[in-house]
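Down below is the structure, laid out as structure tokens.
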Number of protein chains: 4
Amino acid sequence: MPRPLPDSVLAVTDGSPEQVRAHILSAAVQVMTRKGVSAASTRAIAEEAALSGGTLYNYFSTREELVARAIVRHSLEVTASIAAFPARAGTHTVARNLQFFVTEAGKALDRILPLLAAAFADPGLLDAVRREMLDSFPLNDPAAAVEKYLLAERRLGRVATGADCRAVASILVGLCHDDAFQRHLHASDERPTRHKEITLLVRSLTGTR
Amino acid sequence: MPRPLPDSVLAVTDGSPEQVRAHILSAAVQVMTRKGVSAASTRAIAEEAALSGGTLYNYFSTREELVARAIVRHSLEVTASIAAFPARAGTHTVARNLQFFVTEAGKALDRILPLLAAAFADPGLLDAVRREMLDSFPLNDPAAAVEKYLLAERRLGRVATGADCRAVASILVGLCHDDAFQRHLHASDERPTRHKEITLLVRSLTGTR
Amino acid sequence: MPRPLPDSVLAVTDGSPEQVRAHILSAAVQVMTRKGVSAASTRAIAEEAALSGGTLYNYFSTREELVARAIVRHSLEVTASIAAFPARAGTHTVARNLQFFVTEAGKALDRILPLLAAAFADPGLLDAVRREMLDSFPLNDPAAAVEKYLLAERRLGRVATGADCRAVASILVGLCHDDAFQRHLHASDERPTRHKEITLLVRSLTGTR
Amino acid sequence: MPRPLPDSVLAVTDGSPEQVRAHILSAAVQVMTRKGVSAASTRAIAEEAALSGGTLYNYFSTREELVARAIVRHSLEVTASIAAFPARAGTHTVARNLQFFVTEAGKALDRILPLLAAAFADPGLLDAVRREMLDSFPLNDPAAAVEKYLLAERRLGRVATGADCRAVASILVGLCHDDAFQRHLHASDERPTRHKEITLLVRSLTGTR
DNA sequence: GATGAATGAGCATTCATTCAT
DNA sequence: TATGAATGAATGCTCATTCAT
């Protein structure tokens with residue numbers, strides 16, 4: 001019988017469907033990152049959002065849709081900083097910038113991986129995530145950001161004209177994925193610097209021997 | 001009606017504990033790959049194995065142990081062929097061999113990724129997988145296999161003396177991980193050839209420009 | 001079909017949480033007294049209450065809590081009449097009143113004993129019962145009621161000044177326990193009158209020989 | 001396929017059905033007293049007896065029969081010492097002897113009560129226990145032992161001729177039951193001496209005021 | 001006889017979803 | 001429109017019992 005949204009919700013939203021939806025998604029992200037995706041039951045999300053369980057269904061049609069949307073939204077937020085990477089062109093050294101990317105992308109992946117892993121483990125959820133990604137496009141494409149950065153450096157003359165920027169970008173992102181994968185698999189906190197690989201790539205980019 | 005294993009099980013095993021255990025693990029892998037790890041309930045596994053639910057517990061002490069063992073065992077089987085990769089040293093061309101590796105490792109990863117992802121999504125299961133991996137050591141380490149291959153090529157003179165074989169191996173494996181990740185995330189069947197990246201790596205290996 | 005309580009439940013409650021809780025507790029008592037505490041599974045209780053199994057958990061957090069509460073509540077109800085016993089002081093004869101107590105307490109114990117026995121047999125349940133008893137205090141203490149009655153009789157002059165009322169009360173309650181125990185152990189319906197023991201006690205109380 | 005009983009069993013029995021049965025009952029008693037009746041699964045009993053689970057069914061037709069028999073046997077053993085009580089007639093003082101009885105019977109009841117409680121909680125088991133008791137008759141009847149003791153004292157002149165020995169015996173046993181009951185219900189280790197009640201009884205026995 | 005694996009009903013509990021209020 | 005109680009299927013796991021060997 002109680003009609004208005006609880007005060008605690010109105011305190012952080014204007015009560016509009018969009019904002020309430022966003023509020024619920026934030027709650028879902030909170031729960032998922034704190035306790036894991038499997039702990040993100042509708043009850044837990046509703047509690048975190050300070051809403052009744054039934055209310056969720058006024059904003060999302062199933063738990064799957066809600067969780068998928070939360071995963072994608074969180075991924076977008078976490079990778080947002082990557083969009084700024086091309087702006088580093090011309091600053092520091094190329095090697096140091098690539099190193100920086102590996103470190104930052106690594107941190108971002110650490111936060112995303114558990115959520116995407118949960119999606120990979122559940123075909124229905126994975127489908128929902130895919131649908132959601134299509135709607136949310138363009139996703140932050142890390143390889144594209146790196147390529148953009150390298151092309152800028154090429155224009156600045158800090159990278160050889162013939163360098164295959166796309167290939168180097170792909171490789172760099174691959175390294176990040178590998179690192180995150182290994183870290184999770186072996187419960188390691190070590191964050192490899194990838195010095196040697198970056199050196200190899202820089203040589204390739206600059207044409208030095 | 002308690003005693004003999006059902007005919008359907010005896011048809012594919014000799015009834016020995018080892019084979020029954022393997023049969024159950026196969027059933028678990030079947031279910032997990034077909035329906036996702038989250039659908040691999042004890043009931044579903046028992047049904048797939050054509051066994052009663054209680055019987056599972058004569059062979060495994062918890063569902064977690066059973067699933068973890070199935071994941072690790074499947075991973076070992078799928079990556080077994082990688083151990084043979086170093087033997088390609090001296091055959092074909094280095095580029096073609098690396099290409100071959102990317103393709104084969106990609107196929108293997110496609111089969112493993114969903115299972116490992118499920119482990120990543122469930123802390124308890126991940127722990128069990130780690131324990132299981134320790135028992136099953138040595139795991140097939142793809143980067144080590146590639147490095148071994150490259151070192152052999154260097155001995156054969158097909159790779160420059162100064163080439164950083166370890167770094168190239170790391171990069172190659174990173175590419176594979178990235179490919180598999182992208183493929184799963186986007187439900188793609190495309191298998192990128194990674195021609196350009198391999199070219200870059202070969203140049204680095206041979207010291208050509 | 002999720003929402004309203006079934007008609008059969010609304011027929012005996014007003015639908016308020018307190019009454020539904022009481023209804024569930026009654027169902028639990030029914031099952032326990034009819035089939036034994038070991039048969040009081042959540043399913044059986046839910047069925048007796050004409051509710052879905054999950055609904056129980058909206059009113060009690062575990063089966064143990066539910067069963068313990070049912071046991072204590074039932075015990076309180078059954079022993080409620082004992083609180084009125086002291087009011088008999090001055091009426092009838094002391095012997096007849098003690099006889100009356102033995103009979104009434106015996107009937108009450110017959111209904112309680114199997115439930116308390118079940119608690120004795122299950123450490124976890126026993127703990128829960130103890131906790132519940134603390135909350136429900138003051139429990140009806142039969143010995144205290146008898147002592148209170150005897151002290152009143154002493155004030156009225158129907159019991160000798162030097163009589164040890166506490167000791168007599170203890171003894172009387174002990175007789176009741178013994179009777180109930182024997183009755184249950186031997187599936188007997190016989191209700192011993194305890195004439196001779198009461199005579200002995202009355203002599204002690206009145207100082208007659 | 002293994003035919004003979006395991007060595008560990010043959011080490012403590014002669015392999016005859018009676019002794020094997022007794023061995024199994026001992027194992028059951030061990031488990032029940034150590035872990036509680038609810039932990040006395042057939043598996044646990046078989047393990048304690050160092051026998052295969054199926055073997056139990058060559059000696060007992062159901063778990064219920066086995067457990068009931070173990071309970072009754074244990075009760076007989078524990079109360080065996082009571083048979084010796086009448087021999088105390090003429091020694092010490094009557095009061096002290098009654099005190100001794102209360103203490104000893106209390107200890108015995110503490111060991112029996114959890115087992116009988118479990119039986120009271122489960123109608124099927126209780127029936128089995130009753131059947132078993134009929135077969136095992138005569139049970140050690142504590143009240144009868146006390147009465148026998150008191151009659152002997154009467155013959156010795158330490159108890160008045162007119163004393164109602166039967167009634168006093170009943171009362172004393174009732175006190176023991178009550179004590180055990182209270183102890184279990186309140187998780188108490190206190191063992192009340194029952195000084196005042198015994199004094200009352202002794203006065204009744206000796207005709208003193 | 002002794003074995004121990006197979007059985008499947010049974011257990012307490014959780015959960016996404018619904019819908020009368 | 002928000003609520004929160006009702007639902008009942010599903011979960012991992014245990015257990016007494018059977019019976020081919």
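In this text, all values refer to a predicted model and were calculated from it rather than measured experimentally. Lettering follows sequence order; numbering is per chain, from 1.
For the pair C/Ala121 and D/Ala118, the tightest heavy-atom approach, listed with the atom from each and the gap, is CB-CA, 3.4 Å. Minimum heavy-atom separation, D/Tyr59 to D/Ile24: CD1-CD1, 3.8 Å. The nearest pair of heavy atoms linking A/Arg73 to A/Ala22 is NH1-CB, 4.0 Å.
Residues of residues 52-61 of chain A having a heavy atom closer than 4.0 Å to DNA chain F, listed by number: A/Ser52, A/Gly54, A/Thr55, A/Asn58, A/Tyr59. Heavy-atom distances under 4.0 Å link DNA chain F to no residue of residues 35-49 of chain C. Residues from residues 14-24 of chain D lying near DNA chain F, meaning a heavy-atom separation below 4.0 Å, are absent.
Between C/Phe120 and D/Leu116 there is no side-chain heavy-atom pair separated by less than 4.5 Å. Between A/Leu134 and A/Arg130, every side-chain heavy-atom pair lies at or beyond the 4.5 Å cut-off. Using a 4.5 Å cut-off on side-chain heavy atoms (C-beta onward), A/Ser75 and A/Ile112 make contact. Counting only heavy atoms from C-beta outward, the side chains of A/Ile71 and A/Leu125 approach each other to under 4.5 Å.
If you measure from atom CG of D/Leu66 to atom C1' of F/dC15, you get 14 Å, rounded to the nearest angstrom. Nucleotide E/dA12 holds its P atom 11 Å from the CD atom of C/Glu64, rounded to whole Å. One can place CG of C/Leu51 at 11 Å from P of F/dG8, the figure rounded to the nearest angstrom. Distance A/Arg63 CZ to E/dT14 C1': 12 Å, rounded to the nearest Å.
Residue pairs that meet the salt bridge (charged side-chain N to carboxylate O under 4.0 Å, His left out) test with at least one member in residues 37-51 of chain C, sequence neighbours left out, are C/Arg34-C/Glu48.
No donor-acceptor pair under 3.5 Å is formed between the side chain of A/Glu65 and the backbone N or O of A/Phe60. No donor-acceptor pair under 3.5 Å is formed between the side chain of B/Ser52 and the backbone N or O of B/Thr55. Side chain of A/Arg63 to main chain of A/Ala40: a donor-acceptor pair is present (N/O by atom type, distance under 3.5 Å, no hydrogens or angles).
Pairing analysis of DNA chain F (Watson-Crick: purine N1 to pyrimidine N3 plus N6-O4 or O6-N4; G-U wobble: N1-O2 and O6-N3; both under 3.5 Å) yields stems of 3 or more pairs at E:2-21 with F:2-21.
The side chain to side chain contact (heavy atoms under 4.5 Å, CB included) check on D/Ala70 picks up D/Leu25, D/Ala28, D/Val29, D/Met32, with sequence neighbours excluded.
For CG of B/Asp7, the number of neighbouring non-hydrogen atoms (other residues, nucleotides, ligands) closer than 6.0 Å is 12 at most.
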